Amino acid sequence: MHFVRVRRARRYILRLRPDGDLRVTIPRGGSRAEALRFAERHLEWAERQRAKQQLRPAAPPARWTDGTTILIDGEPAVIRCARENGRIIARAASMAVPIRAFEEDVRPALVQAMRTRARDELIPQLHGLAARLGLEVAAVSIRDQRSRWGSCSTRGHIALNYRLIQMPPDVREYILLHELMHLRQPNHSRRFWSLVEKVCPRFRDAERWLKTIGQGLL
């Protein structure tokens with residue numbers, strides 16, 4: 001357990017570090033003894049967070065090669081490279097891309113395949129949902145966003161992260177509905193979440209997936 005004194009802090013704060021250890025913030029005027037008592041009162045919470053942390057799959061390495069496991073449609077997919085008809089093909093789930101050598105980093109090729117699939121599948125799906133809800137989308141683009149799954153501009157331009165292809169279909173649909181609801185409510189106010197719940201009653205399950213397993217995709 002690590003104790004850190006922060007003069008600007010107004011209260012005791014307990015955080016679970018990536019290594020599983022606990023970090024306790026001591027506010028100005030606070031004491032280490034009180035911080036320890038605070039942590040002990042919240043040990044049950046800490047254990048629940050540790051359990052969730054252990055369920056999160058390890059992020060794949062920066063280089064994707066034969067044997068690397070990635071997520072496709074929310075399911076683990078092992079990349080397999082094999083020679084087929086004189087070419088070397090890397091396969092992951094239903095995707096197949098040609099590569100030059102068995103030891104090559106296949107990530108760029110597979111990412112491009114994901115982007116193509118995202119363009120071919122997500123854009124029509126988004127327009128279909130919009131039509132069903134009586135909404136009009138000005139434009140849709142597929143992007144490599146590093147901190148968000150999607151965005152909606154005030155002009156009705158929706159951008160979607162190609163990594164949505166790696167999510168379970170129901171989580172993917174939630175992201176699309178989330179962005180569509182921004183056409184009606186541009187912020188994350190209580191009214192916005194009420195709109196989301198009407199079109200996606202189980203959105204909280206999707207949010208939990210995004211905050212646990214989904215974090216490994218960014």
Side-chain angles (χ1 to χ4, degrees), residues 18 52-132 137-152 157-180 199-200 202-203 205-218:
K52 290 180 181 179
Q53 189 180 71
Q54 291 172 358
L55 290 175
R56 296 174 190 170
R63 295 182 76 255
W64 294 356
T65 55
D66 183 65
T68 300
T69 299
I70 61 175
L71 283 182
I72 302 293
D73 294 319
E75 298 293 333
V78 180
I79 298 172
R80 292 302 182 197
C81 302
R83 190 174 294 279
E84 302 178 16
N85 300 321
R87 296 192 305 170
I88 303 174
I89 303 296
R91 294 184 178 275
S94 61
M95 292 188 300
V97 295
I99 58 175
R100 291 169 296 181
F102 282 100
E103 65 275 10
E104 181 181 342
D105 179 6
V106 303
R107 183 169 188 162
L110 283 176
V111 164
Q112 185 56 48
M114 289 182 196
R115 293 178 71 113
T116 299
R117 184 183 161 192
R119 185 185 65 243
D120 294 344
E121 296 182 12
L122 298 185
I123 294 178
Q125 183 182 1
L126 182 74
H127 282 300
L129 290 170
R132 192 183 78 191
V137 179
V140 188
S141 60
I142 303 299
R143 297 182 182 176
D144 179 5
Q145 297 162 307
R146 297 300 303 176
S147 61
R148 57 175 64 184
W149 303 116
S151 61
C152 179
H157 181 176
I158 292 179
L160 300 173
N161 195 321
Y162 78 85
R163 295 172 181 82
L164 268 64
I165 292 301
Q166 297 187 261
M167 300 176 181
D170 58 330
V171 178
R172 194 154 59 219
E173 182 176 88
Y174 159 66
I175 296 294
L176 303 186
L177 291 169
H178 181 115
E179 298 308 329
L180 286 172
V199 297
C200 187
R202 300 190 63 182
F203 79 93
D205 293 336
E207 281 285 337
R208 278 191 287 272
W209 191 95
L210 293 171
K211 291 177 181 177
T212 54
I213 298 173
Q215 288 300 311
L217 300 179
L218 292 174

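Quick note: numbers below take in every heavy atom, side chains included, and nothing from hydrogens, waters or symmetry partners. Everything quoted here is computed from the prediction, not taken from an experiment.
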Below 4.5 Å, heavy atoms only, C-beta onward: do Glu173 and Leu129 meet side chain to side chain? yes
Among Leu176, Leu122, Val137, find the one that has a side chain to side chain contact (heavy atoms under 4.5 Å, CB included) with His127. Val137
Closest heavy-atom pair and its distance - Asn161, Arg148: ND2-O, 3.0 Å
Taking it one step at a time, do Asp205 and Arg208 satisfy salt bridge (charged side-chain N to carboxylate O under 4.0 Å, His left out)? CA-CA 5 Å; Asp205 293 336; Arg208 278 191 287 272; 2.3 Å; yes
With a 4.5 Å limit on heavy-atom distance, are the side chains of Ile88 and Pro98 in contact? no
Evaluate the criterion side-chain contact (heavy atoms from CB on, under 4.5 Å) for residue pair Ile175 and Leu210; output intermediate values, then yes/no. CA-CA 10 Å; Ile175 296 294; Leu210 293 171; 3.7 Å; yes
Run the numbers on Arg80 and Asp66 for side-chain contact (heavy atoms from CB on, under 4.5 Å), then give the verdict. CA-CA 5 Å; Arg80 292 302 182 197; Asp66 183 65; 3.9 Å; yes
What heavy-atom pair brings Ala96 and Arg91 nearest, and what distance separates the two atoms? CB-NH1, 3.3 Å
Arg163 side chain to Trp149 main-chain N or O, any donor-acceptor pair under 3.5 Å? no
Can you give me the closest heavy-atom contact between Ala92 and Ile79, atom names plus distance? CB-CG1, 4.1 Å
From Met114 CE over to Met95 CE, what is the distance, rounded to the nearest 0.5 angstrom? 4.0 Å
Hey, does the side chain of Asp105 reach the backbone of Arg107 with a donor-acceptor pair shorter than 3.5 angstrom? yes
Just verifying a value: how many Å separate Ile72 CD1 and Leu110 CG, rounded to the nearest 0.5 Å? 7.0 Å
Hey, could you give me the CD1/CG distance between Ile158 and Leu180, rounded to the nearest 0.5 Å? 4.5 Å
To the nearest 0.5 Å, atom CH2 of Trp209 lies from atom CG of Asp170 at 9.5 Å
Which heavy-atom pair separates Ile99 from Cys81 by the least distance, and what is that distance? CD1-SG, 3.9 Å
Out of curiosity, Asp120 CG to Arg115 CZ, how far, rounded to the nearest 0.5 Å? 13.0 Å
Evaluate side-chain contact (heavy atoms from CB on, under 4.5 Å) for Met167 paired with Ile213, printing each intermediate quantity in order. CA-CA 9 Å; Met167 300 176 181; Ile213 298 173; over 6 Å; no
Which atoms form the tightest heavy-atom contact between Asp73 and Pro169, and what is the distance? O-CD, 4.0 Å
Can you name the nearest heavy-atom pair linking Ser151 to Gln145, along with the distance? OG-NE2, 3.6 Å
Enter the distance from Thr68:OG1 to Arg63:CZ here, rounded to the nearest 0.5 Å. 8.5 Å
